[in-house]
A.B. asks: 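Have a look at the structure that comes next, please.
The figures that follow rest on heavy atoms only: side chains count, while hydrogens, waters and symmetry mates do not.
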Amino acid sequence: SIACSGPIKSTMPDDATMERLRETKTDSLTTVLENIDITQFTKDEKMNYAWWLARLHFMQRRSLINDTLIHQALEYYKEQNSPRIVYAYLLAGEQINSLGNKFKEARELYEKALEASNFYNDTYHNEYIARHLLESYRAPEDHKRYRELLEIIKNNKPLSLNAYYSLIY
């Protein structure tokens, strides 16, 4: 069993392989990544590792409370002007949100994710992040922003009329 064998000395697979494994063997990929010894990784490999592991945890609806390396990856992707910045902002916001008492900081990161998504013309993530951010704007004081986010969702992905109204009410 991988989980019982201790840390694995390895390198990160290429992105195409990671994406294929993410789609077909998410749990196995997560287990392998969780057991990789990253001490000998280059900075680029460590940042990719952090991004992939946090992404997999998020997709599995697991807590990101221990995925603190995602914040370093976020800074790294900012320096690199990488399109990964979109998801890195979202994951960093989720990691902070896992702490349970830093909603304002998490919301700021979600807003930056939305800005980056717009910058990269990433309509898939734009709609996804807007939906995610929408959940944090349910308070009455943020009613205007809530409506703005609904418009982003409506304009980026066709919704059935019932789905749209269920978001509004």
Side-chain angles (χ1 to χ4, degrees), residues 1-136 152-153 156-157:
S1 161
I2 289 175
C4 298
S5 64
I8 301 167
K9 295 192 185 221
S10 183
T11 59
M12 288 292 291
D14 62 87
D15 284 342
T17 301
M18 292 293 286
E19 196 60 42
R20 183 176 45 79
L21 291 171
R22 181 197 62 82
E23 290 175 2
T24 60
K25 299 182 185 311
T26 306
D27 293 340
S28 297
L29 178 58
T30 304
T31 300
V32 168
L33 288 182
E34 288 172 340
N35 287 283
I36 287 179
D37 177 5
I38 65 169
T39 57
Q40 299 301 313
F41 276 11
T42 65
K43 183 175 183 177
D44 185 60
E45 288 173 323
K46 282 181 185 173
M47 299 306 102
N48 286 334
Y49 168 86
W51 186 83
W52 276 105
L53 188 58
R55 183 177 178 206
L56 291 167
H57 287 160
F58 182 69
M59 290 175 61
Q60 294 171 316
R61 292 179 167 59
R62 290 170 56 181
S63 171
L64 301 187
I65 199 162
N66 294 320
D67 289 298
T68 57
L69 194 55
I70 192 61
H71 298 281
Q72 290 178 32
L74 173 62
E75 293 306 315
Y76 177 75
Y77 292 133
K78 278 190 214 176
E79 293 169 7
Q80 302 295 318
N81 292 320
S82 170
R84 282 193 174 177
I85 195 75
V86 175
Y87 219 79
Y89 272 123
L90 176 64
L91 295 170
E94 277 301 297
Q95 194 283 323
I96 286 178
N97 204 25
S98 297
L99 300 173
N101 61 350
K102 299 197 179 236
F103 301 114
K104 183 180 178 188
E105 293 91 337
R107 185 183 288 173
E108 289 171 6
L109 289 166
Y110 298 149
E111 288 285 1
K112 288 181 179 182
L114 191 58
E115 286 175 29
S117 179
N118 286 326
F119 176 80
Y120 285 104
N121 222 7
D122 184 347
T123 56
Y124 171 78
H125 283 114
N126 198 344
E127 184 269 341
Y128 180 78
I129 293 164
R131 279 181 180 271
H132 196 75
L133 186 56
L134 185 68
E135 293 175 10
S136 73
I152 290 171
I153 293 167
N156 282 284
K157 184 175 181 184

A.B. asks: Which pair of non-hydrogen atoms, one from V86 and one from A113, has the smallest distance, and what is that distance?
C.D. replies: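 Looking at all heavy atoms of both residues, the shortest contact is O-CB, 3.6 Å.
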A.B. asks: Measure across L91 and R55 and return the closest heavy-atom pair with its distance rounded to 0.1 Å.
C.D. replies: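 That closest heavy-atom pairing would be CD1-N, 3.7 Å.
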A.B. asks: For E105 and I96, work out which heavy atoms get closest and say how close.
C.D. replies: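 Looking at all heavy atoms of both residues, the closest pair is CB-CG2, 4.0 Å.
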A.B. asks: State the CH2-CG distance between W51 and L53, to the nearest 0.5 angstrom.
C.D. replies: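 Rounded to the nearest 0.5 Å, the CH2-CG separation comes out at 12.0 Å.
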A.B. asks: Considering non-hydrogen atoms only, spot the tightest contact between I85 and Y120 and give its length.
C.D. replies: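 Distance-wise, the nearest heavy atoms are CG2-CE1, 3.6 Å.
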A.B. asks: Please find the pair of heavy atoms, one from T68 and one from Q95, that lie closest to each other, and give the distance.
C.D. replies: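 The pair with the smallest heavy-atom distance is CG2-NE2, 3.5 Å.
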A.B. asks: Give a yes or no on whether K102 atom NZ has more than 12 heavy-atom contacts from other residues, nucleotides or ligands under 6.0 Å away.
C.D. replies: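 Not more than 12 within 6.0 Å, no.
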A.B. asks: Nearest heavy-atom pair of I70 and D67: which atoms, and what distance?
C.D. replies: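 So the minimum-distance heavy-atom pair works out to CG2-O, 3.0 Å.
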A.B. asks: Nearest 0.5 Å please: distance from the CZ atom of R20 over to the CG atom of D14.
C.D. replies: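 R20 atom CZ to D14 atom CG measures 8.5 Å (nearest 0.5 Å).
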A.B. asks: Have T42 and D44 got a donor and an acceptor in their side chains that come within less than 3.5 Å?
C.D. replies: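 Side-chain D/A pair, T42 to D44: absent.
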A.B. asks: Quick one: does any side-chain atom of N35 pair with a main-chain N or O of T31 as donor and acceptor, under 3.5 Å?
C.D. replies: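 Yes, because the side chain of N35 sits within donor-acceptor range (under 3.5 Å) of the backbone of T31.
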A.B. asks: How would you list all residue pairs meeting ring pair (Phe, Tyr, Trp, His ring centres under 6.0 Å) that involve residues 81-114, not counting sequence neighbours?
C.D. replies: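 Matches after skipping sequence neighbours: Y87-H125, Y110-H132.
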A.B. asks: Give, for atom CD1 of I152 and atom OG of S117, the distance between the pair rounded to the nearest 0.5 Å.
C.D. replies: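 One finds 9.0 Å between CD1 of I152 and OG of S117.
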A.B. asks: R131 and E127: salt bridge (Lys or Arg N to Asp or Glu O under 4.0 Å), yes or no, with the steps?
C.D. replies: CA-CA 6 Å; R131 279 181 180 271; E127 184 269 341; 2.2 Å; yes
A.B. asks: For side chain to side chain contact (heavy atoms under 4.5 Å, CB included), just list the numbers for M12 and I38, CA-CA rounded to whole Å, side-chain angles, deciding distance to a tenth of an Å, and then say yes or no.
C.D. replies: CA-CA 9 Å; M12 288 292 291; I38 65 169; over 6 Å; no
A.B. asks: So, are E108 and K112 salt-bridged, with charged N and O less than 4.0 Å apart?
C.D. replies: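 No, no charged N to carboxylate O under 4.0 Å.
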A.B. asks: Once you round to the nearest 0.5 Å, how far does CG of L21 lie from CH2 of W52?
C.D. replies: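 Here the rounded value is 9.0 Å.
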A.B. asks: Applying side-chain contact (heavy atoms from CB on, under 4.5 Å), can you list everything that pairs with N66, at least two apart in sequence or on another chain?
C.D. replies: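 side-chain contact (heavy atoms from CB on, under 4.5 Å) list for N66, sorted by chain: empty.
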A.B. asks: State which residues pass side chain to side chain donor-acceptor pair (under 3.5 Å) with T24; sequence neighbours excluded, sorted by chain then number.
C.D. replies: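 Side chain to side chain donor-acceptor pair (under 3.5 Å) check on T24 returns nothing, list empty.
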A.B. asks: Please list, chain by chain and in numerical order, all residues satisfying salt bridge (charged side-chain N to carboxylate O under 4.0 Å, His left out) with E45, sequence neighbours excluded.
C.D. replies: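 Here no residue qualifies.
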A.B. asks: According to the salt bridge (charged side-chain N to carboxylate O under 4.0 Å, His left out) rule, which pairs have a member within residues 72-93, sequence neighbours left out?
C.D. replies: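 Every salt bridge (charged side-chain N to carboxylate O under 4.0 Å, His left out) pair that includes a residue of residues 72-93, provided the two are not neighbours, is D15-R84, E75-K78.
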A.B. asks: Find the distance between OH (Y128) and CG (D122) and round it off to the nearest 0.5 Å.
C.D. replies: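 Rounded to the nearest 0.5 Å, the OH-CG separation comes out at 12.5 Å.
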A.B. asks: For residues 87-99, pull every pair meeting salt bridge (charged side-chain N to carboxylate O under 4.0 Å, His left out), keeping only residues two or more places apart or in separate chains.
C.D. replies: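 Passing the test, one end in residues 87-99: no pairs.
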A.B. asks: Suppose we screen for side-chain contact (heavy atoms from CB on, under 4.5 Å). Which residues come up paired with Q72, at least two apart in sequence or across chains?
C.D. replies: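 Partners of Q72 under the side-chain contact (heavy atoms from CB on, under 4.5 Å) test: M47, L69.
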A.B. asks: Test of understanding: with side-chain contact (heavy atoms from CB on, under 4.5 Å), list the residues that count as partners of Q60, not counting sequence neighbours.
C.D. replies: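 side-chain contact (heavy atoms from CB on, under 4.5 Å) list for Q60, sorted by chain: T26, D27, T30, H57, R62.
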A.B. asks: Would you please name every residue forming a salt bridge (charged side-chain N to carboxylate O under 4.0 Å, His left out) with R22, sequence neighbours left out?
C.D. replies: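 Checked R22 against salt bridge (charged side-chain N to carboxylate O under 4.0 Å, His left out); matches are E19.
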A.B. asks: Sequence neighbours left out, what passes side-chain contact (heavy atoms from CB on, under 4.5 Å) with P13? Give chain and number order.
C.D. replies: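 For P13, the residues satisfying side-chain contact (heavy atoms from CB on, under 4.5 Å) (neighbours in sequence not counted) are T17, M18.
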